[in-house]
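Both counts, for ligands and for their atoms, begin at 1 and track the order of listing.
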Amino acid sequence: MALNSQGRPSQPGTAEASALPTISGDRGLDHEEPLIFELGRDGKCGVDFPDVKVGDTHLGGLRRKGKIGLPGLSEPEVVRHYVRLSRNNYSIDAGLYPLGSCTMKHNPRLNEKLARLPGFADLHPLAPQSAAQGALALMSELARWLTTMTGMPAVTMSPKAGAHGELCGILTIRAAIEAKGEKRTRVLIPESAHGTNPATAAFAGFTVDEVKATPEGRVDMDSLRSKIGPDVAAFMLTNPNTCGLFERDIVEIAKLIHEAGAYFYADGANFNAIAGRVKPGDLGVDAMHINLHKTFSTPHGGGGPGAGPVVLSERLRPFAPLPLLVLEKGGIRLIEDRDSAPEGYKPFGRMAAFHGQMGMFVRALSYMLSHGGNGIRQASEDAVLAANYVLASLKDVMSAPFEGPCMHEALFDDTWLHDTGVTTLDFAKAMIDEGYHPMTMYFPLVVHGAMLIEPTESESKESLDRFIAVLRGMAEEVKAGKTERFEGAPRLAPRRRLDETAASRKPVLKYQAAE
Ligand SMILES: *Cc1c(COP(=O)(O)O)cnc(C)c1O
């Protein structure tokens, strides 16, 4: 396929780009939209500026002589461009988004309305604390919900994503270890873990040691026992784990970790399965990030914004990063420097400028208050029910690697695709032709050709039935040997199969005008 200077297929409307070539390159209401730089023309502008006489500018020889390089477009052209681009987005507002481990749930509009309240939206991060008491009160109320729900005594709010929260938690643990004058260099991580876990541990200077999984998809206790030792800093565990299974031995795991003098980090990305039902504090967790953009419905995708507050145990609380939120008689105080920290606190530093993602805080608290404790519990139960419905409805045609019910996500492997010529990738890409976003593929790595489906509580039974019917239909076609449509799928999308590896290894991030 010919690629233009931006690495995109250059000839829309060719047989490769489209099952039905059109003269315009558009396909019905799907427009083939060039980059804004390709659309723009020199000298065009959305507004009429008065002619200015350029006199002496004080810039001497530094005055710009070349073109400024911005695209010139009229207002309707700009509006059309972005509206057309927005139509190429798949979003939770457009359809079921089965991406496992991502908790793509509905973003209630009430949250959006509250996040736009000028008192929150227009507040400047450098406003004096006396003028920001409402925002600080909101943060402190959100903190109260998070600590109550997790059964943990403290929370640090500033991390801006799950992975950022992991780093915050591990740095807190590192600070606690250093304060004790100990030398602990290893972090244990199960082989089913999300890639951010080992990345975080390595980034914080630890070596990563992998703990094996049992054939049932859970932590292998013998493997854990054989790895634990006085040089272990922490064990990082997701519960429910990335196979969608609850780690039943978690209390025993916490005991083992603590007896070795290490800390128990829980990856809370899957909290949606247990929120309102299980308190990680009761399980012996020392630190856990919470993805507000997953469990608490703030929008995500495309890299953010997110928010990853970290709840901490009593042992780790003193090392939490700045800023600290302190409730005092006269109001709420935000402590921004080490010297003002209360007695006993030794913050390890700070994770981010300012206080965190305020817009996400407002949305998350809005979600919590509108659901109430019971509503959050109901949401978790419905999410688990929906995933089990998908698992039970498809496991006779697709293969499930583990016995028994799942938590909030249904995991399939590619055993059922053996000798069909169709791969997990082909099957997932063919879902795009059916109007669905693919599920998470090839993760977790412990399962061959994994397909991880997380419907969340947002989907109605009708929506799940339709999704199940489509996947069943596709699976039955594969089994009947009708596999052409899977080869090189998607066929009906604006782009066919892209070289995603090349796109991420050699991203073209800068526009270069054609010669
Ligand atoms: C999403 C996720 C993360 C990372 O969270 P981000 O907000 O994307 O940085 C970590 N662990 C698991 C299990 C996840 O699903």
Side-chain angles (χ1 to χ4, degrees), residues 92 97-105 107 146 156-171 187 189-204 208 211 213 217-219 234-247 250 264-275 280 285 287-311 351-352 356-357 359-361 363-364 380 383 387 406-411 439-447 450-456 504:
I92 188 65
Y97 213 131
L99 213 47
S101 213
C102 293
T103 312
M104 305 301 289
K105 61 165 73 178
N107 312 132
L146 292 173
T156 180
M157 301 294 286
S158 66
K160 291 175 191 269
H164 202 212
E166 284 174 40
L167 183 62
C168 174
I170 289 295
L171 291 178
V187 170
I189 301 178
E191 51 182 1
S192 66
H194 194 266
T196 50
N197 294 185
T200 295
F203 192 74
V208 174
V211 174
R218 294 182 172 85
V219 171
F235 180 54
M236 295 180 86
L237 178 71
T238 314
N239 197 18
N241 67 24
T242 56
C243 300
L245 305 171
F246 193 83
E247 293 284 357
I250 187 157
F264 185 6
Y265 186 90
D267 177 329
N270 291 343
F271 195 45
N272 201 49
I274 55 172
V285 167
M288 181 178 101
H289 74 264
I290 298 167
N291 305 59
L292 296 188
H293 46 290
K294 292 179 180 171
T295 311
F296 298 109
S297 83
T298 74
H300 60 305
V310 182
V311 288
M351 290 303 291
Q357 300 279 28
M360 299 298 117
F361 296 163
R363 289 174 174 88
S380 308
C406 59
M407 293 296 287
H408 63 309
E409 41 198 6
L411 178 60
M439 67 285 264
T440 291
M441 297 176 272
Y442 300 104
F443 175 79
L445 301 173
V446 283
V447 166
M451 294 176 235
L452 187 65
I453 301 175
E454 182 180 3
T456 82
S504 61

(request) Using ring-ring contact (aromatic ring centres under 6.0 Å, His included) as the criterion, list what pairs up with His194, not counting sequence neighbours. (result) Phe443
(message) Test of understanding: with ring-ring contact (aromatic ring centres under 6.0 Å, His included), list the residues that count as partners of Tyr97, not counting sequence neighbours.
(response) Tyr90, His437
(request) Could you tell me the separation between the CE atom of Met288 and the OH atom of Tyr265, rounded to the nearest 0.5 Å? (result) 8.5 Å
(message) Checking side-chain polar atoms at under 3.5 Å, does Asn270 have a donor or acceptor matched by the opposite partner on Asn239?
(response) no
Enumerate, one pair per line, all nitrogen or oxygen atoms of ligand 1 lying under 3.5 Å from a protein nitrogen or oxygen, stating the separation to 0.1 Å; write 'none' if no such pair exists.
from: ligand 1; atom 1: 5 (O); to: Asn291; atom 2: ND2; distance (Å): 3.0
from: ligand 1; atom 1: 7 (O); to: Gly162; atom 2: N; distance (Å): 2.7
from: ligand 1; atom 1: 7 (O); to: Asn291; atom 2: ND2; distance (Å): 3.2
from: ligand 1; atom 1: 7 (O); to: His293; atom 2: NE2; distance (Å): 2.6
from: ligand 1; atom 1: 9 (O); to: Gly162; atom 2: N; distance (Å): 3.3
from: ligand 1; atom 1: 9 (O); to: Ala163; atom 2: N; distance (Å): 2.8
from: ligand 1; atom 1: 11 (N); to: Asp267; atom 2: OD1; distance (Å): 3.3
from: ligand 1; atom 1: 11 (N); to: Asp267; atom 2: OD2; distance (Å): 2.5
from: ligand 1; atom 1: 15 (O); to: Ser101; atom 2: O; distance (Å): 2.7
from: ligand 1; atom 1: 15 (O); to: Ser101; atom 2: OG; distance (Å): 2.7
from: ligand 1; atom 1: 15 (O); to: Lys294; atom 2: NZ; distance (Å): 2.8

(request) Only counting residues at least two apart or in another chain, list the ones meeting side-chain contact (heavy atoms from CB on, under 4.5 Å) with Tyr442. (result) Thr423, Thr424, Leu425
(message) Please report the interatomic distance OG1(Thr456) to NZ(Lys294), rounded to the nearest 0.5 Å.
(response) 13.0 Å
